[in-house]
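Below is one structure, written out as C-alpha cells; comments come after it.
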There are 2 protein chains.
Amino acid sequence: MARATVQDVARTAGVSVGTVSRVLNGSSAVSASAKEKVNAAIKELSYRPLASARDLRRDRTMRVLALAKNLDSLVISEVFRGVGDAAADNGYVSLIAATDGDRDREQQLVDMLRNGSVDGLVIFSPTMPDEDVNTVAEQLSVIQVCEIVDAEAAFGVSIDDRQAAYDITKHLIDTGAKKLAMLAHRGARSGRLREEGFRQALAEAGLESDQVLLGEGNFGFHAGRSLAKKLLEGKDLPDAVFCGTDVVAAGCVRELTDAGLRVPNDVAVAGFDDSAQAEMCVPELTTVRQPAYEMGRVAFAELLERMTVEGSHRKGRTFLPHELVIRDSTK
Amino acid sequence: MARATVQDVARTAGVSVGTVSRVLNGSSAVSASAKEKVNAAIKELSYRPLASARDLRRDRTMRVLALAKNLDSLVISEVFRGVGDAAADNGYVSLIAATDGDRDREQQLVDMLRNGSVDGLVIFSPTMPDEDVNTVAEQLSVIQVCEIVDAEAAFGVSIDDRQAAYDITKHLIDTGAKKLAMLAHRGARSGRLREEGFRQALAEAGLESDQVLLGEGNFGFHAGRSLAKKLLEGKDLPDAVFCGTDVVAAGCVRELTDAGLRVPNDVAVAGFDDSAQAEMCVPELTTVRQPAYEMGRVAFAELLERMTVEGSHRKGRTFLPHELVIRDSTK
DNA sequence: GCGATCTATGGAATCGATTCCAAATGTGTT
DNA sequence: AACACATTTGGAATCGATTCCATAGATCGC
C-alpha cells in the first residue's frame, strides 16, 4: 500500500483537498461535520502530511540543527538539551549532528541550512576557520554557543571565559599558590581568553608563569596525565594547576597522585565545566560551573529571533553568569 | 535577495531547466559548453537546490535519524559515530535527537520517519512500550541498537548481553567471590538478559544471590553510591558487585572506599561498557567492552538494507562480540 | 544526398500540501 | 421578498526540482 495523500483523504471523506488542509492546519472555519469526516478518513488511511511537500509550500521546516565536533562532553549534551527544550516550546524540532572535526562533513551540514533542510543552525565547536564562520554567520540564521570565534562581528552565547579564568586563578592564589601552571587546549577558541584571565590574575598578584602547556587533539584524561607528566619532569613543579576541563584535571590529579604527591597539599588542581567527573574524582574538583542548559535555551531564543525577524542580525556576545565551585582539590 | 531557483539559473545560463537539472545530477549527457555555462550561473547566483523540492520529487531524503534518551554516555556517542561514518560512506547524512525520556517528543521524532522527513531510524533507548516499538519496527525502516526490546520479532544490533554478564560473573567467581550482588537499571531492556547471565554463572558454581538491586531514573554515579550504601547497610556484605555501567561501578567503588573498605581486597567491583570512567576510577575497573563504533556501522548497514531493498524486513538480532577487560578492581 | 541513428535540448507534467479566489449556501435585516 | 453579509466549500494555481517525451541538429553509411 502506497502512502496516502491529501487527495486520498479528500476522496474518502467526500470533501475537497482544501477542506482537508484546513482541518489539518485548523486555519479557517470548517463545519463540524466536515471536520469529523476528514478526521475519520485520516485515521482510516493513517495519513500523515508529507514533510517535503509541506516544507516546500510553506518555505520553512520548523527544524534546527545543532553542530558539534563530538558529543561526548556533558557540557555539550546539556547545551543541546537546553536547545532542544527551547525549540520544543516553540514548535521546533532540534536535531544534532557531529562533524568529527571533518571539514567536508561540516560543510555538508552547514549546507543543510543553505538548502533549506533546516531553518537555523547552532554551532558549538566549528572546525572551519574563523573567517568562514563569520561569513556564514553574517548571512544565515546561525548562533554560536560556548566556543565563539574571536572577531569584531563575534556573536553568540557563552560565559565570560576571561573572567571565569581570572576568578578561579585568583582563588588558587588566595589559597596560597605562588607558582601556577595552566593546561589548555590549543584548538579551543575560548583558550586565548582564558589565558588572558589567568595571566591577569597572576599579574595583579605580582606573579607570572612560563608554564602554560597546550594539548592537541583529543583533550581528555590521557592528555591531562601526559601534560602533568611534563610538569613533573620540569625543573620547578607548580603548586597549583588550572586545567581547561574537569577530565583533564582528573588526569592531572591522577598523574600527580601516582607520583606520590598529595592534592591539594602539595599541588592544588582546578578544573573547568563542573561536569560529572568533577565529583567522581578523588579529591573532588574545584571547578567553574557553566550554565550549560540555560545557555542552550538562550541560544535557541536568539536563533529564533534571527530566523523569524527579518534582518535581525544583531551582533555581540551574550554572557551568562558562571559560578566558582570550590571542592577538595584546592584548599 | 530571494533564493535563486533552477529557473533563474536556466535563464542566466541561457538554457532550459532540464539542462540545469542534468548538470546538477550528472545524469545524462550534456555538452561541455552547456555544462560550463550552467556551472558559471550556479556560482554567480550561489544557487543550491532546495532540499524540500528535491526530496518531494525524488521521494527520499538521504537522511537518517538516530534516537536516544540522552547523549551523555560514551557508548551512545560511539555508536552514533559509527552510524554517522557508515551513513556518510553511503551518501547519507545522519542526524541525532534526544528524547529525554519524553513520550510525546519521541512520538514526534518517530513521526519524522512516517512523514518522510528522514528515510530511516536508529533507535537506541526507546521510551515507548515494547509492543509499540515492535509495531513501528515491523512497518518502517527502523533498527535498534544495544537496547533491544524482548520479543519474538526482536531485531537489531547488540552484544550478547546474557553471555557478557555470564562471562564477567564467572570471572568474579573465578577470582574467589562467594557472595555476589548486582546493580542494574530497572528501565534497561538489556537488564533481564544480564540478570539471566549473572544467575546462570552463579548456578553453575552452586551459588545464588538475593542481592540484585535495581536503580530507577538517572542511573549514574550517585545511583551507584546509594545502591552501594544499601549493600553496606544489609546484613551480609557481598564480596563482589557486578554493576550495570562503569559510572555506577565508580559510584559503588567510591562509597565502599569511603566506608573504609578496600577494592578489590574486601569487595571486588566490575563495571560494564569500558567507558572512559573505567580508566579514570581508582582502582581502574574491570569491565566488558562493547564494540560501540562497530555496532553503529553494522546498524546502519542493516538499516540501509531495510531502506533500499523492498520488503526486506529480516528479523532477528545481530550479535557482535564483546570483550572482557580485566583491570584492578577485581583480582 | 537521403534516410537512419544518436546526442543534446527544451518544455511540460509531476511530486503532495497549501492557499487564494470565486462560488454556493445560509443568516439576518428591512 | 429582496438584499447585504458571513460562513463554508471546491478547485485551480503555486512552491522548485526532476524526468519523461518530443524534436532539432549532428553524424554516419550507402
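The basis for the numbers below is simple: all heavy atoms, side chains too, and nothing from hydrogens, waters or symmetry mates. We name chains A, B, ... by the order of the sequence lines, and we start the count at 1 in each one.
Heavy atoms of B:T19 sit under 4.0 angstrom from primed sugar atoms or phosphate atoms, though from no base atom. Among the protein residues, B:L50 comes within range of the sugar-phosphate backbone only, with heavy atoms under 4.0 Å from sugar or phosphate atoms but none that close to a base. Within 4.0 Å of B:A34, counting heavy atoms only, lie sugar-phosphate atoms of the nucleic acid but no base atom. The residue B:D59 sits apart from the nucleic acid: no heavy atom pair falls under 4.0 Å. Residue B:V15 is in sugar-phosphate contact alone, with no base atom involved, counting any heavy-atom pair closer than 4.0 Å across all strands shown. As judged by a 4.0 angstrom heavy-atom cut-off over every strand, A:R22 is placed among the base-contacting residues. At the heavy-atom level, B:D55 lies nowhere under 4.0 Å from the strands shown.
The CZ atom of B:R60 sits 13 Å away from the C1' atom of D:dA17 (whole-angstrom rounding). A straight line from CZ of A:R48 to P of C:dT18 spans 14 Å, rounded to a whole angstrom.
Contact annotation: side chain of A:R57 to base of D:dT14, donor-acceptor pair present below 3.5 Å.
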Does the salt bridge (Lys or Arg N to Asp or Glu O under 4.0 Å) test come out yes or no for B:R48 and A:D111, once each step is laid out? CA-CA 8 Å; B:R48 312 269 163 162; A:D111 272 346; 2.8 Å; yes
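Nearest-nucleotide mapping onto DNA chain D: of A:V17 and A:A32, the residue sitting toward the 5' end is A:A32.
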